[in-house]
Each structure stands twice: as structure tokens, then as C-alpha cells.
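Quick note: residue numbers are just sequence positions, from 1.
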Amino acid sequence: MKKLFAALALPLIALAIAFAAPVSAQSSRDAVWIQIAARPSLREAESEARTYAARLPDVSGYALGGGWYGVVLGPYARDDAERVLQVYRAEGQIPRDSFIAFRRNLRSQFYPVAADATPPAEPEAAPAPAAPAQAEPEPQQQAALQSTLPDESPAEARRSERTLSREQRMELQVALKAAGFYNSGIDGAFGRGTRASMRDWQAARGFEPTGVLTTAQRQVLLDEYNAPLISVGMARVEDAKAGIALQMPADEVAFDRYESPFAHYTSKGDLGAKVLLISQPGDKRTLFGLYDILQTLEIVPLDGPRQRGSDSFTIEGRNDRIVSFTQASLKNGEVKGFTLIWPAGDEDRRTRVLAAMQASFTRLGGVLDPAAGGDVVQDIDLVSGLEIRKPKLSRSGFFVDGNGSVLTTSDVVVGCTRITLDHGYQAEVAANDAAGGIAILRPAEPLAPAAVAELSTSSPRLQSEVAVSGFSYEGVLGAPSLTWGKIADVKSLDGNTEVARLDLAAQPGDVGGPVIDSTGAVHGMLLPRQPDGKQLPEGVSFAVNAEALRGALNAAGMTAASKSPAAGSLPSAAIARLASGMTVLVSCWE
């Protein structure tokens with residue numbers, strides 16, 4: 001069965017290797033490794049490295065500091081490393097807790113020893129000469145490399161084991177389970193299953209398989225389990241101003257500034273991780289407002305679960321770059337919590353770091369001063385120093401039925417993963433005539449527009465006054481505006497009778513907006529200003545006419561309301577209200 005599994009695994013492994021050729025650590029500052037093992041002695045690490053090298057390429061070994069030695073794969077480019085990590089984990093070729101390591105984690109190289117071995121970019125100041133790869137260290141050297149904890153006999157190990165609390169026993173079971181040696185419940189009871197897993201672990205690590213872990217062996221097991229946390233320097237941080245204490249990846253983040261309600265801990269390592277501490281006075285409205293605001297920020301991607309209760313919430317967001325997790329709760333008039341922002345593709349380590357932060361989160365006295373960061377330069381695109389999520393493109397559109405269907409320009413629906421109306425309502429493309437420049441959108445849930453467009457049943461008169469209603473500055477002003485002009489011709493420059501030429505100075509955000517006359521009838525929809533890349537004089541615009549819009553709606557199985565030319569003119573204020581009620585901001589999101 002194992003041979004069959006190996007045979008089936010070969011194609012995927014070969015594929016990973018083919019797409020992830022090693023890079024030179026000296027020629028690329030972005031080179032990374034995959035750490036697959038850490039051992040407390042040079043003898044164990046060399047043996048482990050030789051075992052992996054017999055079946056995997058690119059195996060090497062480096063001192064990690066603190067008496068530990070790591071076995072790694074690489075170096076690779078970061079994207080390639082993540083692919084190799086995913087494939088090798090899936091095929092069981094490397095442990096599940098393997099993770100991306102960086103040059104600063106690696107010191108002198110001990111395996112393989114060769115004249116052309118490539119050391120990391122930042123070696124130790126004066127590394128000792130490495131011994132040949134197959135040579136074993138002298139007994140005195142080996143003793144010095146072992147754990148500083150004393151050896152114990154089986155009887156001594158049992159006595160030291162009896163002093164463990166139930167929580168400590170459960171922690172050992174968790175570590176054995178993570179290492180793949182234990183598959184029963186985490187109950188703190190060392191029965192036959194736990195003893196068997198201990199024997200298997202001891203045998204795999206080169207210890208005598210007694211089924212009872214010595215104090216030193218327990219430390220080795222826990223250090224293996226906690227290697228992902230050790231690699232990012234998890235340490236307790238107390239922020240007195242925010243009134244919060246918790247474990248943080250101290251090698252990856254450092255305090256930067258306060259901007260209420262956040263304490264910003266920005267990235268200082270290679271991972272690009274960030275942490276925000278949340279601290280402010282408030283009530284349920286404050287908590288719920290924070291929940292809504294966070295979801296408008298770039299650091300909270302749209303995909304991911306989120307849950308809001310009466311006095312707490314959690315938000316997880318994922319995209320191809322980052323995974324962020326936020327938790328906050330209200331207690332005694334104080335809203336406190338944190339956000340962890342982690343690079344995508346490092347899920348096992350992120351999960352361990354997040355669990356440690358959640359378990360250690362402690363409320364201290366006081367909250368962050370609401371005036372903190374008040375002297376920072378303000379920016380309309382920032383909330384407390386955090387960038388607001390912005391759409392790829394925003395244009396205008398207008399409602400054409402009572403359910404909220406929208407006519408807009410084709411340009412705004414190209415290459416979108418999500419389309420919204422007025423930022424808050426999801427919409428889908430019901431029809432798109434790219435040649436005519438007309439797209440029809442249907443809201444995910446029916447809407448109740450304040451006004452619906454009525455398409456004119458007649459051609460407009462030359463030089464008659466019209467206005468375009470649109471979000472001229474792509475929503476910055478929060479409401480549509482009217483831009484007045486005239487009908488310059490009822491056909492385009494190339495003679496297309498479905499497109500009228502306007503003498504009107506429109507902005508890019510107005511594109512897709514309705515062209516309205518003095519009666520409130522819609523004569524067309526504004527098109528992009530420079531068709532086919534032509535550079536036109538200022539004030540020249542184009543609009544697809546009402547007849548073409550009517551045809552597009554009919555083709556989609558929809559019927560537009562009409563308005564005859566006999567209708568009388570409306571006051572300017574009435575036209576403004578009508579235009580504002582029918583015009584909607586259409587946004588394309590990546």
C-alpha cells in the first residue's frame with residue numbers, strides 16, 4: 001500500500017519540483033526556505049537531513065541558534081516555496097507544521113558540507129569549520145549539544161511525570177497529535193494509546209522507546225510543537241495605554257503609533273504581518289459601528305466568515321495576499337479586541353499564532369485616549385490610519401424599473417469580481433452589449449428606487465438643452481450632480497444614428513448616467529468620451545440614444561417606461577430631484 005501511495009504521489013511531487021527550481025540565496029534577496037524539522041542535537045539533525053535527502057531534493061541543514069539545528073528545503077522564490085509546501089504537505093512528504101523560513105532564521109550550514117554550498121546571506125560572524133557530512137561528533141561534543149536538562153531513568157521520568165498538571169498532560173497529547181503520533185481524545189489521561197504514541201515518537205526521534213517521556217524529551221516535543229511560534233518570537237506584550245496584554249509575534253511586528261481606536265503594530269520582519277489593538281470607550285452602538293467600519297477597510301478582505309453577537313463580533317477576511325482576523329467585545333463600557341493580519345499561504349503558522357493571541361488576550365485597566373492620533377494628517381481615504389477599500393472603477397447608472405434594474409456603460413462591468421450599486425447593494429450583469437456600450441444590471445435583492453427613468457419616444461431637437469446626471473468624481477461627493485449642455489448632433493462623428501453628439505463637458509464618473517431634457521424624459525446614456533482612442537476637443541461627448549436603450553432592454557426581456565414629447569417642462573429643482581432619484585453609483589471591485 002505504501003509503494004502504491006508513493007507511486008501515486010510522484011507526479012504531483014515532480015510537478016512541484018518542476019515549477020519550483022531553487023534560486024540562489026546570494027542572487028535573490030527574496031529567497032526563502034521551508035523548515036521541515038528542528039532538532040536539539042547536531043547528530044539528530046544530520047540524520048534527519050540525510051533521511052529527507054534520500055527522497056526529496058534541495059535538502060540542507062542550518063544551525064538555528066540556542067542549541068537547535070534545522071532541516072530545510074530550498075532556497076526558493078516565495079511563490080514557488082508556497083507551492084512546494086502545499087504539495088509536499090498534501091502528499092505527506094513533510095510534517096504538517098512545516099513553514100516558510102527566512103535568511104535571518106538560518107545561521108551556519110552543517111549539511112550538506114561541500115565547497116559550493118551556498119550559505120545564507122547573513123551567516124554567523126565566525127562560524128566554526130563544519131565537519132564532513134557523514135562524520136559523527138565526538139562523545140564530549142555530542143553531550144554538549146544535547147538538551148541542558150538532565151537525563152532521567154524511566155523511574156525518574158515517571159516521578160517527574162506525576163508532577164504534571166492535567167493541562168500540561170493535555171498539552172503533551174496535543175503536541176503528539178500535531179506530530180502525527182496520537183489520534184485519540186485530549187483528556188490528560190496517559191492510557192495505553194498515549195503511551196503507545198510516546199513510544200512511537202521516542203523511536204522516531206532516536207530515543208529509547210520506553211513509553212514514558214523524560215523531562216528533556218517533553219521539552220523537545222513541546223519545542224517541536226511550538227516551533228511555528230518560536231520562529232516568529234511569540235512574547236507577551238502589555239500596552240498600558242490601550243489597556244491590553246497578549247502574546248504577539250514580536251519578531252515580526254513592532255509598535256508604531258496610536259490612532260484611536262487603534263494601537264498600530266506594523267511589520268518589522270520578512271512576513272509582512274501586522275497587529276492592531278482595539279481600545280475605546282463605548283456601548284453597543286460603538287461596537288456595531290466598529291463592526292461595520294472595519295468591513296470597509298483594505299485590511300479586511302470581503303471573503304470570509306463573520307459573526308456579530310449582542311456584545312462581541314469576529315470578522316475573518318481572505319484574499320490571495322492576506323488573511324485577517326478581528327475580534328472585539330464590549331465589557332463595562334469598554335470595547336477592546338485585536339486584529340491579526342497575516343500573509344496568505346502560511347495557514348498552519350497563522351492558526352497557531354492566532355490561537356496563542358486569543359488564549360492570552362487580557363483586559364487591563366483603562367482604554368486608549370479617544371484623542372490619540374488627533375494630530376496626524378487627515379486623509380479622506382483613511383480611517384484611523386487604515387486605508388478604506390476602494391473599487392477598481394466607479395461610474396454612473398440609472399434605474400429603469402421598480403425592482404432596481406440599472407442601465408449603465410459596458411466599461412464598468414469588465415473584469416469585476418463584484419459589482420455594487422451605491423457601494424452597499426450587490427448586483428449582477430443581466431445583459432451586456434459591449435459593441436453598443438450598454439450593460440444591464442440586476443440587484444441581488446429587489447430595490448425600491450426613488451425614481452425610474454422614462455425613455456423619450458422622440459428624437460431630441462438640435463441645440464436643445466439637456467443635462468447629464470452622474471457621479472462626476474466617482475462617488476467622492478456622495479450624491480449625483482447635473483452637468484448641463486446641448487444636443488450638437490443626432491448622430492456620431494462616423495454617422496452612427498444610435499449615438500448622439502453632445503456639447504457638454506462631462507467627467508469620467510458621469511459615464512453611464514442618464515441624459516435628461518427639460519421635461520424629465522431620458523434621451524440617452526452618456527458614453528466614454530474618447531471612442532476608439534481618438535483625442536477630441538474639450539466639451540465633446542457622446543450618448544447612446546433612447547431608441548438603442550429601449551432595444552437593449554427589450555432584448556433582455558424588459559420593458560422601459562416611456563415619456564411623450566407633449567409633456568411640459570419641469571422646474572429646475574424638480575429635474576434635480578428626479579435625476580438624483582434615478583441615478584445610482586455603479587462600482588466594479590477586484
Report task. Give the intermediate values and the outcome of side-chain hydrogen bond (donor to acceptor under 3.5 Å, both in side chains) for residues Asp348 and Thr351. Result -> CA-CA 5 Å; Asp348 286 353; Thr351 302; 5.5 Å; no
Requested in this report: Begin with the C-alpha distance, continue with both residues' side-chain angles, and end with the deciding distance and a verdict on side-chain hydrogen bond (donor to acceptor under 3.5 Å, both in side chains) for Ser60 and Gln109.
Outcome: CA-CA 8 Å; Ser60 54; Gln109 183 170 355; 4.8 Å; no
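Between Trp342 and Pro249 the shortest heavy-atom distance is CZ3-CG, 4.1 Å. When all heavy atoms are compared, the tightest approach of Gln35 to Val72 is CA-CG1, 3.9 Å. Contact detail for Tyr62 and Arg107: the closest heavy-atom pair is CD2-O, 3.4 Å.
Sorted by first and then second residue, the ring pair (Phe, Tyr, Trp, His ring centres under 6.0 Å) pairs involving residues 226-246 (not counting sequence neighbours) form an empty list. Listed by first and then second residue, the salt bridge (Lys or Arg N to Asp or Glu O under 4.0 Å) pairs involving residues 266-277 are Arg104-Asp270 (not counting sequence neighbours).
Only one option out of Thr194, Asp200, Leu221 pairs with Phe181 in a side-chain contact (heavy atoms from CB on, under 4.5 Å); it is Asp200.
For the pair Arg318 and Phe325, the cation does not sit on the ring face, since its NZ or CZ is not both under 6.0 Å from the ring centre and inside 45° of the axis. Taking the centre and axis of the six-membered ring of Phe190, the NZ or CZ atom of Arg169 falls inside the cone set by 45° and 6.0 Å. Remark: Arg39 fails to qualify as a cation-pi partner of Tyr69 under the 6.0 Å distance and 45° angle criteria applied to the six-membered ring.
By the 4.0 Å N-to-carboxylate-O rule, Arg50 lies too far from Glu44 to be salt-bridged with it. Look at Glu238 and Arg236 and you find a salt bridge, because one of the NZ, NE, NH1 or NH2 atoms lies within 4.0 Å of a carboxylate O, short of that distance.
Trp201 has its ring centre less than 6.0 Å from the ring centre of Phe207.
Partners of Asp346 according to the salt bridge (charged side-chain N to carboxylate O under 4.0 Å, His left out) rule, which considers only residues two or more places apart in sequence or in another chain, are Arg349.
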